[in-house]
Amino acid sequence: MNIEQKLTEKTIDALKTLYGGEVNTVSFEKTNPDFAGDYTLVVFNFLKLSKKKPEDTAREIGEYLKSNLSEIADFNVVKGFLNLVISDVYWLDYFNSLQRKENFNQPIPANAPVVMVEYSSPNTNKPLHLGHVRNNLLGYSVAEILKAAGNKVIKTNLVNDRGIHICKSMLAWQKWGNGETPESANMKGDHLVGKYYVLFDKHYKAEVAHLITKNYSEEDAEKKAPLMLEIKEMLLKWEQGDKAVRALWEMMNGWVYKGFEKTYAIMGVNFDSTYYESNTYVLGKEIIDDGLAKGVFKTRADKSVFIDLTPDGLDEKTLLRGDGTSVYITQDLGTALKRQQEVNFDKLIYTVGNEQDYHFKVLFLILNKLGYIWSKGLHHLSYGMVELPEGKMKSREGTVVDADDLMDEMIATAAATTEELGKVNDLTETEKSELHKIIGLGALKYFILKVDPKKKMLFNPAESIDFNGNTAPFIMFNYVRIRSMIAKATSADATWQNTANTNFAASCLLPKEKELISKLHSVDAIIQQAAAEFSPALIANFTYDLAKEYSQYYHDTPILKEEHNEIKFFRLHLSKSVGLVIKELMNLLGIIVPDKM
RNA sequence: GAUCCCAUAGCUCAGCUGGAUAGAGCAACGGUUUUCUAAACCGUAGGCCUUUGGUUCGAAUCCAAAUGGGAUCACCA
């Protein structure tokens, strides 16, 4: 039982003994740094029970706790706030018992909940941009956090590899590509395909403009433009399985996959399974029949199937076209059912931007109405858009920040900064470039993940991402100092590692040391909270706080230079623990920490 | 027209399950290095927590409205 649970339990006892009150739960908070103490109980809520002044109530509870809990060294009362001072002995004992494991990926019990995390879900007509980067980093990190919190996690990707937008780049390449390939163009496959997607749009817009000069309405021009007609025909051929179209489709998608693989590899994300919409888009018919049989869905005169959600404050939603073909939501219904049948998940997390809030609301509601109990386990991890100073990114208007370019720039900046500081000249070129990658990508990942996923975030390309302050390089820097110090200590005298801290006098514990131990004490709770809220930002901000505390400690406190071995060894052990925790928490964000920098 | 989301320092963000004097980083200004990695540390300055009303012993936090910003409401995905 940890100290918070003990406090809660004894406080409930205190209220019963002192005032005869039955209370189910009380909550403590960390004492405000301006006051003496570790935990604070706000007693205003108990005045009805005590029928006494706040100060008296607080004092009486304080006295009860002090005499019934050996961990409490002292207490003080300020107005209605009861500040409890936990004894140094408790913190030191806790630290001694803390056998911090090397990483959080402990064996997961066989009966652990199965959680599927879907993320990335790219279109195969253009390269990934900053918006996708946020999606990928979030999905990957949330999956890792869920693992650390004791879940069986399956990372999954749903690739949008078909549809009219895919045909656009295909047609453009066919018309104007002259057989260009990624090799001949010396270009990543996804970028090459993206080039033709943009090219299509350019020609298409020209056609539309031309038709408008011939007195077509804008709407008509968009529909009648020759390229639009060709595209529709191509899509139809694709659906009919036309050999030539399919071959072109497979070739160009192949290019894109090769490109994506590279991007994923450098980004450091991965998947346990991948679904392709070209396979899943026909799914869902089963569900349609089921819904019709249950009377949840209805049929219109033209044979299209829909559900009336107006009683739920939503609209009518079409689920199947009149010609019997699937729409987006049909496929999602089918894919959800298929996944449930295949992996029997307890939870399925969809990492998708908040522009699709309505879609997922409808999707979950429909599954619920169909009586699928498992639909309660579905969750839309809805994240905010990444905006540029001039607004939202738009692929077609070219106002996107390309993922590959951005990562390259980050690595280049990291390289320049590292060279300038010149602290790692003993590394080989290979080691150096690996280090630049770790620092540059770490900075980018941290920059994105430290923001609450639910909120939109702003990225200003003109201002480069910081390497100082609340950043990954700062956190890494503290880790590296610890590593360096420990290496020195060990090469001088390795015995410290085997020395327990049992002889260390609690009276020597510095306030900062107590704070650091208290911080380590709350790591597990933070991980659980981050898992419950699907929020890597909580991990990021906690890790920064820890690193900052440590940085101050490191600055103010002699460690290697401490003369008394007992104290020196304790400080080394404390530093080592902080280092391990930093490493583990950063890994949950998908960030690697270097040994030198 | 309807629904949903957002508003905290010059900028980017924490804090939001109600609690004490609202915190970081960047940018600005000043200081710290013969001593464990200065990508650091310390200090100064910077706030009507968009506004108004309500609930409460107590509101940045909960509720309502207003204002401003964003998104969504396809037989598109």
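Chain letters run A, B, ... following the sequence lines, proteins first, then strands; residues in each count from 1.
In terms of the ring pair (Phe, Tyr, Trp, His ring centres under 6.0 Å) criterion, residue partners of F200(A) (sequence neighbours excluded) are, by chain and number, Y204(A). Taking N157(A) as the reference, S120(A), S121(A), P122(A), V159(A), Y264(A), F271(A), T274(A) meet the side-chain contact (heavy atoms from CB on, under 4.5 Å) condition, with sequence neighbours excluded. Partners of K512(A) under the salt bridge (charged side-chain N to carboxylate O under 4.0 Å, His left out) rule, at least two apart in sequence or in another chain, are E515(A), E549(A). E431(A) is linked by a salt bridge (charged side-chain N to carboxylate O under 4.0 Å, His left out) to nothing, counting only residues two or more places apart in sequence or in another chain. Judged as a salt bridge (charged side-chain N to carboxylate O under 4.0 Å, His left out), and not counting sequence neighbours, D315(A) has no contacts. Under the side-chain contact (heavy atoms from CB on, under 4.5 Å) criterion, P558(A) pairs with K561(A), E562(A), R571(A), not counting sequence neighbours. In this structure, the salt bridge (charged side-chain N to carboxylate O under 4.0 Å, His left out) partners of D56(A), at least two apart in sequence or on a different chain, are R59(A).
Counting only residues at least two apart or on different chains, the side chain to side chain donor-acceptor pair (under 3.5 Å) pairs with a member in residues 531-544 of chain A are Q529(A)-E533(A). Every pair passing side chain to side chain donor-acceptor pair (under 3.5 Å) that includes a residue from residues 25-37 of chain A is listed here, sequence neighbours excluded: T31(A)-T40(A).
Of the candidate nucleotides G19(B), U37(B), A39(B), U37(B) has the atom lying nearest to any side-chain atom of V480(A). Across G25(B), U21(B), A39(B), the shortest atom-to-atom separation from the side chain of Y544(A) is found for G25(B).
For the P atoms, the distance linking U52(B) with C5(B) amounts to 23 Å, nearest Å. Rounded to the nearest Å, the gap between the C1' atom of A77(B) and that of C73(B) is 15 Å.
Using a 4.0 Å heavy-atom cutoff across all strands shown, S575(A) reaches no nucleic acid atom at all. In this structure, Y554(A) reaches the bases: a heavy-atom distance under 4.0 Å links it to at least one base atom across the strands shown.
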Which atoms of nucleotides 69-74 of chain B (N or O only) lie under 3.5 Å from a protein N or O atom, and what are those distances?
unit_1	atom_1	unit_2	atom_2	d
C73(B)	O2'	D315(A)	OD2	2.1

- Item | 5'-to-3' dot-bracket of RNA chain B (Watson-Crick, G-U; under 3.5 angstrom; crossing pairs as [ ]; | other strand) | (((((((..((((.....[...)))).(((((.......))))).....(((((..]....))))))))))))....
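Taken residue by residue, residues 26-44 of chain A places heavy atoms nearer than 4.0 Å to RNA chain B at F35(A), T40(A), V42(A), F44(A).
In this structure, K126(A) forms a cation-pi arrangement with Y197(A), its terminal cationic atom sitting closer than 6.0 Å to the ring centre and no more than 45° off the ring axis.
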